[in-house]
Number of protein chains: 4
Amino acid sequence: MQVTVTEAARRKQITEAATEVIAADGYQRASYARIVEHAGLSSTRLISYHFRDKNDLMMAVLIAAIGTVDERMTARLDGVTDRVGMLRGYIESQVGLLRTHPAQVKAIREIAQNLPDLAPVLADFRVGRLARQLTQGQREGVFAEFDVRVMARTIASGIDGADSEDYGRELADLFIRACVG
Amino acid sequence: MQVTVTEAARRKQITEAATEVIAADGYQRASYARIVEHAGLSSTRLISYHFRDKNDLMMAVLIAAIGTVDERMTARLDGVTDRVGMLRGYIESQVGLLRTHPAQVKAIREIAQNLPDLAPVLADFRVGRLARQLTQGQREGVFAEFDVRVMARTIASGIDGADSEDYGRELADLFIRACVG
Amino acid sequence: MQVTVTEAARRKQITEAATEVIAADGYQRASYARIVEHAGLSSTRLISYHFRDKNDLMMAVLIAAIGTVDERMTARLDGVTDRVGMLRGYIESQVGLLRTHPAQVKAIREIAQNLPDLAPVLADFRVGRLARQLTQGQREGVFAEFDVRVMARTIASGIDGADSEDYGRELADLFIRACVG
Amino acid sequence: MQVTVTEAARRKQITEAATEVIAADGYQRASYARIVEHAGLSSTRLISYHFRDKNDLMMAVLIAAIGTVDERMTARLDGVTDRVGMLRGYIESQVGLLRTHPAQVKAIREIAQNLPDLAPVLADFRVGRLARQLTQGQREGVFAEFDVRVMARTIASGIDGADSEDYGRELADLFIRACVG
DNA sequence: AATGAATGAGCGTTCATTCAT
DNA sequence: GATGAATGAACGCTCATTCAT
C-alpha cells in the first residue's frame, strides 16, 4: 500500500519525527530505525529517499528547529526598546522556550554537541544578536564596560543550564547586575 | 608474542588511552577497537579482560580524570582565604585546566553527557564546593544577595563555555561583578 | 552480486535452513553463521533483516515445524474412531514422524529444551489432545482408571525415547496394555 | 594470597560447583566463569589447571553424580527380592532422587543431552540393571511377555518426565500394570 | 599446587547506505 | 514519489584455552 504525499510534506513529517527522537533519546540513538518507528513510516528507505544522507537530515532538523525558535524569539522581543528590558526578555524568553518548544531546543543542543564542526557556527549565530544589543547598550551608557563577546557567550551558556522559569528570572537578575555593573 | 605487565599498569595504560580517545573522538566513538589501536594493544580482548564491561571502563576513566583535576584545583586554591580571590582563583583555575589537562576535562564532559544518570551527580559534586564558598561570602557581607544555586551553576556553565585563559579572566571579572553586586 | 527474492520466500529459506542446522548441531550451535552457511546466503545480515532477533527466528522455526507435524498427525488420525485404535495410531504416527520429518521433530525438541519458558506450554499443547482421548476412553469403559495426566505425559516421554518404527509398535502394545489394564 | 589444598579436594570442590551450576543454569551456560564465581575461586585458571579441558571436567562431574545416585539406588533396593516390589522401588526411588539429589540428577540429564556421543552409553548403563530384573521377572512368570529393552527404556523415559513423588507412585502403578499385563 | 595475564574466535545485534524496480 | 530487499562494517561481550612464572 503506497501512500503518496508531496515532497515537502514528507520531508516535514520526517524532520519532525527526527526532532522528537533526538530530543527524547539523544543524537546518537536517533537512528533511521527509531525515527521510522516514531513516525510510523514503512521503512528507513523513505528517509534515504528524501535526504541525501544522515547529515542532510540533521541539517534539515536543525534549520527547522532554529527557524521555529527564532520566530518565537523575534515575536517576543518585538517592540522592546530599552536595553535592560531587552536583556531580561531575551533571557527569560530563551528559558521559556524550554517549556514551549522542548523538542526543538533539545534537538538543537544535541546536534550542536554531536557535530563538532557546527558548534562554533551555531554559537556565533546565537550570540550575534545578543552581542549587538550589548554593544549598543554600552554605547548608550546603560551597560558597563565588559567584553561583549564573553558576556554574550556566558549568557548563552547560563541559559543552556537553566531548567525552569524561576531559574530564568534569577538568571536575568544575575546578568542585569553583571551588565549594568 | 605475548607481553605481560602488571594488572595495575595495564589498567592505567588502558584508561589513559581511553581518556585520550574520548577527548579526541567523543564518547560514542570511543570503541574498544579505537582505544586498543590508540594504545597499541594486541586485541580488544585485553580491555574486556581488565574491565568488567564498558561502563566499568568509563567509570575508571572518570574517576582517574576527576582525581587528577581535583588534585590540581585543590593545590591552586590552597591558602587562598579571601572570597573574591577564591572566586577568581576557582574560575581561572578551572579554565586553566582546559590547557593543562584538556583530555581529562573533555573526557569528564563527554562521559557526563553520555551517561545521563551520572550528570546530576557530577553537577552537584562540582557545584557544591563553589556554592558553599558563595554562601559563606554572603554571610560575611562580601557578596550581595542572590540565589547561590543559580549563581554556582551559571559560573560552572560559563566555565564550560570558555576556550582560553584570557576568556577565563574576563569571566572572573564578570562573575565578581555579579556577585559583589 | 545481489540476489533478490520475496520476503516470504527468503523467510522460508532461512527457517528451513535453521531447522536443519538445529536438528543437526543442536540449538546452541545453531548460530547465524552456521545457518547462513547451510543456506548458502551471503551474510548473517540477511537473517537480521528478515527476523527481529534470534528469538523471533526460533519462533518462526517452531511454528513451521509444529504446523508440519500437526498436519501429518491430523491426517493420519482422521477417521479413526475406536479408542484403542486411536491410541495405537497416535503413538505409531508420532514415532513415524521421526523418520519422515526428523529435522522438524528434533528442532521442536531442541527449541523446547533451550527456551525454558516455552517447554511447559509445548508440553501442555502436546499432552492435551492425548489426555482428552484417554478421558473419553475411560468414560466409555474402554480404559481402566488411571491418572490421565500421568499416562499422557508418560506416553509422550516414551515416544521421545523411541528410535524406530518397530520400537513404536512395541510402545503401542505396552501402553495399550497399561491403559486397557 | 595463595591457598593450597590437596589435588583431590580441589577437584571435588570444582566438580561440586560445576554440578550445581549445570543444574541451575543448564549445560551450555555452565561456563568456567560461572563455575568459578559459584565456587568462589580466584580465576578460571584453577579449572584449567586441575582438568585437561572442559570435556574432562564434565566427565568428572558425570562420574561423581552417577556414583552418588547409584549408591543411593543400591542402598534402597538392597534386600528387595520380589519382582513387583523391585519395580515399584526402582521407579519410586529414582523419582525420589529428584528431591534428595536434584543437582546430581539434573546435571546427569544436562550432560547426557549435550554430549551426544555419551547419551547411548548412559542410557545402556541406566537401562541395563532394570532390563535384567525385567527379564528375570519374565522367566519367573511374574511379568508378561514384552520387549524388555523397550519397556526398560520407556520406564526410564517416564521417570525423566516425573516431577513429584505422587507422580512417581502413579508411574509405578502404571508400569506394574503394563508389566504384569 | 597455584597464579596472573593474555588471547583468537565467535556471538547476536545495530548502523546508514545501496541495488534494483 | 515510493518501495522491498540486501549489504559490509562495526559494536560490546563471552568462550575455553594458553603463555609464562
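Below, chain A is the first sequence line, B the second, and so on; all start at residue 1.
- Closest contact between the side chain of B:Thr6 and the listed nucleotides E:dA5, F:dA2, E:dT7 involves E:dA5.
- Atom CD in C:Gln13 sits roughly 13 Å away from atom C1' in F:dA5 (whole-Å rounding).
- From B:Ile14, atom CD1 reaches atom CG of B:Leu41 across 5.5 Å, with rounding to the nearest 0.5 Å.
- Across the P atoms, F:dT21 and E:dA1 are found 22 Å apart, a figure rounded to whole Å.
- Checking B:Arg45, B:Glu7, B:Arg10 one by one against B:His50, the side chain to side chain donor-acceptor pair (under 3.5 Å) holds for a single residue, B:Glu7.
- Put simply, CD on C:Glu37 and CD1 on C:Ile35 are 11.0 Å apart, with the number rounded to the nearest 0.5 Å.
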Quiz item: When every nucleotide of nucleotides 14-21 of chain E is labelled 5' to 3' by its protein contacts under 4.0 Å (heavy atoms), B for base, S for sugar-phosphate only, - for none, what sequence of letters results?
Solution: BBBBBBB-
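- Between the CG atom of A:Leu46 and the P atom of F:dG1 there is a distance of 12 Å, given to the nearest Å.
- The distance between atom CG of C:Leu41 and atom P of F:dA5, rounded to the nearest whole Å, is 15 Å.
- With rounding to the nearest 0.5 angstrom, the CD1 atom of A:Ile47 is 8.0 Å from the CZ atom of A:Phe51.
- Considering every non-hydrogen atom in both D:Ala17 and D:Ala39, the closest pair reads CB-CB, 3.5 Å.
- Side-chain atoms of A:Glu110 and A:Asn114, non-hydrogen and from C-beta on, do get closer than 4.5 Å to each other.
- With rounding to the nearest 0.5 Å, the separation of CD in B:Gln104 from CG in B:Leu62 is 11.5 Å.
- Atoms CZ (C:Phe51) and P (F:dA5) sit 12 Å apart, rounded to a whole Å.
- To the nearest 0.5 Å, atoms CD1 (C:Ile22) and NE2 (C:His38) are separated by 11.0 Å.
- Taking atom CD1 of B:Ile47 as the reference point, atom P of E:dA6 lies 12 Å away to the nearest angstrom.
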Self-check item: 5'-to-3' dot-bracket of DNA chain E (Watson-Crick, G-U; under 3.5 angstrom; crossing pairs as [ ]; | other strand)
Solution: .||||||||||||||||||||
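- The main-chain N or O of D:Lys54 is found under 3.5 Å from a side-chain atom of D:Tyr32 such that the two form a donor-acceptor pair.
- Rounded to whole Å, the distance from CG on D:Asp25 to C1' on F:dC15 is 15 Å.
- One atom, NE2 of B:His50, and another, C1' of F:dT14, lie 16 Å apart when rounded to the nearest Å.
- Between F:dT3 and A:Ser42, a contact under 4.0 Å exists linking OP1 or OP2 to a side-chain N or O.
- For D:Ile14 and E:dA1, the CD1 to C1' distance is 11 Å, given to the nearest whole Å.
- Taking side-chain N and O atoms only, C:Arg10 has a distance below 4.0 Å to OP1 or OP2 of F:dA6.
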